[in-house]
Amino acid sequence: MPGSSNPRRRPRVIVDSLEDSPSSSSSEDEVEEEQGGDASEAGEMNLSGRKEEHPVAPSKKAPAFTINLKKVCKVCKEKGHQAGFQGATYIDCPKKPCFLCKKPGHTTMSCPHRVVLEHGIVPAPRRNKLTLLDYVFEREFKPHISKIKPKFVVPDKLEHVLVRFHSRRVTSLEFHPTLSSVLLSGDKKGQIGIWNYDKLHERTLYDSIHSCIVNNMKFDTRNNGLLYTSSSDGTISCTDLETGIPVLLMDVNPNGWNGPATWRMLYGMDTNLDKGLVLVADNFGYLYLLDGRTKVKMGEPILIHKKGSKVVGLHCNPAQPDLLLSCGNDHFGHIWDARRLDNGSSLASLAHGRVVNSAYFSPHSGSKILTTSQDNRIRVWDSIFGNLDSPSREIVHSHDFNRHLTPFRAEWDPKDPSESLAVIGRYISENFNGVALHPIDFIDTSTGQLVAEVVDTDLTTISPVNKLHPRDDILATGSSRSVLIWRPERKDEDREQLPERMKEFIICNSGKKSSKRMFDDDSDDDFSSKRKNSQQKKNGGKSNSAGPRKGKTVKA
């Protein structure tokens, strides 16, 4: 109509078809509304009836946006297919090899290493014969290794669960060296938890130790009441477990935050029993030495890995503490002489395919090495005096994860005299009677065979943090924000004499969820929703929860 303004032109919507055929993809439907009325004319009539010519500004078309309804793969970012988990099934990307063993020709569900973990290389040959090192090995190390392999005792029965004990996911676990029933746990927020699982309600949570991730915990060898902790906030603290008061021993970021390029985070940590040293490494490849008696930093930091790479693990040899084993993001593990630490002076280098999550000497003789790498391989070296160019065995195991998980680490069983049993959580889920569960695997590192897979139908989250008790047949697990205790299942004759022990759930710290989820990427669903709904029905629609020090026991 005359005098009316140009109506707004709606944006064009282009819809991609779900079909991938060439005919459907080439014929794209466009939805567009045409202009109406006389507003498209080049001029308007004035009062005298004459037509005045006015220049018409070119109309600006709204940019078209596309609604893509095709399937997009999260792995290769291409259309037409999808990859990832669907329940307990992992669907591989057709453009990538098997997600488990990293080799082409089959899928993850049909991978021969998924069901039976047997992938062993022939033992590495001894480098020399009748040398001084062989003499030391035969006299000092070999007598500590049992010649007869004992029967493995696997703690496969879930007994106690401390639900939502921490406010963020558990990152480290450590048993008390003298109090057998006391377990310590650290989380992503910097909290330290102390739990006496024989007296279920005796638990304490210290939230002022660190400001972010607790990566390692070690006890003072001279005073079991003191705990050394290293954190991603760049500090080492010594905490009195009775009072919870931390003493700052070292801060590698004295000038505060100046950007991610200069911020140092402390990861690997261990203690030298002979010399009373605390050794810690950062995310730039440097090693720091701290005198455990005077609590004073010793010397300057030493570059032990590729500059700029993260050193995630340190372990001193239990038989000879001057031997130091380190691993990091530069795809290498290194053996060092702590009396001569210089850049490039490592005694041996252990090459891996990807990032090395952990590296440990065997717990008794210290003559074996167990490493965990992100290429889904657990590697075993049978002798540190042999040929270390290649491992004695490579065991294919699922622990390659994406994000928001504590790295998986295979650890020795400290009670096994044969030094062959290891425990590690599994990433790829398995279908247990229609429920997708992530087992905890016990592996015989001498053969690569799966000894046992520990599962519980109430535990549906992934369990990357696992710790075996140094004296008792107990397994501690950190899964999401919860801490779990496993014991061996009772024998048939024991069940007849003793009443069956039920699982005990203590629900704590279940307040309101934070609305800020920018950094809180952890799942809060520690256990199946079926159990939570049943508890709410029993309580009249109210959740069975309490504060951090007051918990209610729920028996299953």
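Just so it is clear, the values below take in all heavy atoms, side chains as well, and ignore hydrogens, waters and symmetry mates. Bear in mind that the values here come from a model prediction, so they are computed numbers and not experimental data.
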Next item on the list: Report the C-alpha separation of Tyr267 and Asn216 in whole Å, then their side-chain angles, then the decisive distance to 0.1 Å, and conclude whether the side-chain hydrogen bond (donor to acceptor under 3.5 Å, both in side chains) test is met.
Entry: CA-CA 7 Å; Tyr267 284 91; Asn216 277 281; over 6 Å; no
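- In this structure Asp413 satisfies the salt bridge (Lys or Arg N to Asp or Glu O under 4.0 Å) test together with Lys415, sequence neighbours excluded.
- Using the six-membered ring where Trp is involved, His305 and Trp336 have ring planes that are tilted, between 30° and 60° apart.
- The side chain to side chain contact (heavy atoms under 4.5 Å, CB included) check on Asp375 picks up Arg354, Ser373, Arg377, Arg379, with sequence neighbours excluded.
- Taking Ala422 as the reference, Leu370, Thr445 meet the side chain to side chain contact (heavy atoms under 4.5 Å, CB included) condition, with sequence neighbours excluded.
- Residues that satisfy the ring pair (Phe, Tyr, Trp, His ring centres under 6.0 Å) test with Tyr360, not counting sequence neighbours, are His315.
- Two residues are said to be in side-chain contact when any heavy atoms from C-beta on lie closer than 4.5 Å; Ile443 and His397 meet this criterion.
- Judged purely by distance below 3.5 Å, without hydrogens or angles, the side chains of His438 and Ser463 never pair a donor atom with an acceptor atom.
- Note: Asn376 CG to Phe401 CZ = 11.0 Å, rounded to the nearest 0.5 Å.
- When all heavy atoms of Val170 and Ser185 are compared, the closest pair comes out as CG1-CB, 4.4 Å.
- Residues meeting the ring pair (Phe, Tyr, Trp, His ring centres under 6.0 Å) test with Phe332, sequence neighbours left out: His334.
- Taking 4.0 Å as the cut-off between side-chain N and carboxylate O, Arg339 and Asp322 count as a salt-bridged pair.
- With sequence neighbours left out, Val154 forms a side chain to side chain contact (heavy atoms under 4.5 Å, CB included) with Asp156, Phe442, Val451, Ala452, Val454.
- By the side chain to side chain contact (heavy atoms under 4.5 Å, CB included) test, Asp472 pairs with Ser180, His469, Ile474, sequence neighbours left out.
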Using a 3.5 Å cut-off and no angle test, enumerate the donor-acceptor pairs between side-chain atoms of residues 277-287 and protein atoms at least two apart in sequence or in another chain.
| residue | atom | partner | partner atom | Å |
| --- | --- | --- | --- | --- |
| Asp282 | OD1 | Phe284 | N | 3.0 |
| Asp282 | OD1 | Gly285 | N | 3.2 |
| Asp282 | OD1 | Tyr286 | N | 2.9 |
| Asp282 | OD2 | Arg264 | NH1 | 2.7 |
| Asp282 | OD2 | Tyr288 | OH | 2.9 |
| Asn283 | OD1 | Met265 | N | 2.8 |
| Asn283 | ND2 | Trp263 | O | 3.4 |

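- Residues that satisfy the salt bridge (Lys or Arg N to Asp or Glu O under 4.0 Å) test with Asp330, not counting sequence neighbours, are absent from this structure.
- Aromatic ring centres of Trp195 and His166 lie farther apart than the 6.0 Å criterion allows.
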Item checked: From CA spacing to verdict: side-chain hydrogen bond (donor to acceptor under 3.5 Å, both in side chains), Ser358, Glu411 -> CA-CA 9 Å; Ser358 65; Glu411 295 192 11; over 6 Å; no
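- Exactly one of Thr460, Thr406, Thr461 qualifies for a side chain to side chain donor-acceptor pair (under 3.5 Å) with Ser479. That residue is Thr461.
- A salt bridge (charged side-chain N to carboxylate O under 4.0 Å, His left out) check over residues 231-254, counting only residues at least two apart or in different chains, returns nothing.
- The closest side-chain donor-acceptor pair between Asn466 and Thr477 falls under 3.5 angstrom.
- Two residues are said to be in side-chain contact when any heavy atoms from C-beta on lie closer than 4.5 Å; Leu475 and Arg487 fail this criterion.
- The salt bridge (Lys or Arg N to Asp or Glu O under 4.0 Å) test applied to Asp444 returns Lys149, not counting sequence neighbours.
- The pair Asp416-Lys151 does not count as a salt bridge, with every side-chain nitrogen at least 4.0 angstrom from each carboxylate oxygen.
- Residues Phe432 and Glu453 form a side-chain contact, since some pair of their non-hydrogen atoms from C-beta on lies under 4.5 Å apart.
- Under the salt bridge (Lys or Arg N to Asp or Glu O under 4.0 Å) criterion, Lys297 pairs with no residue, sequence neighbours left out.
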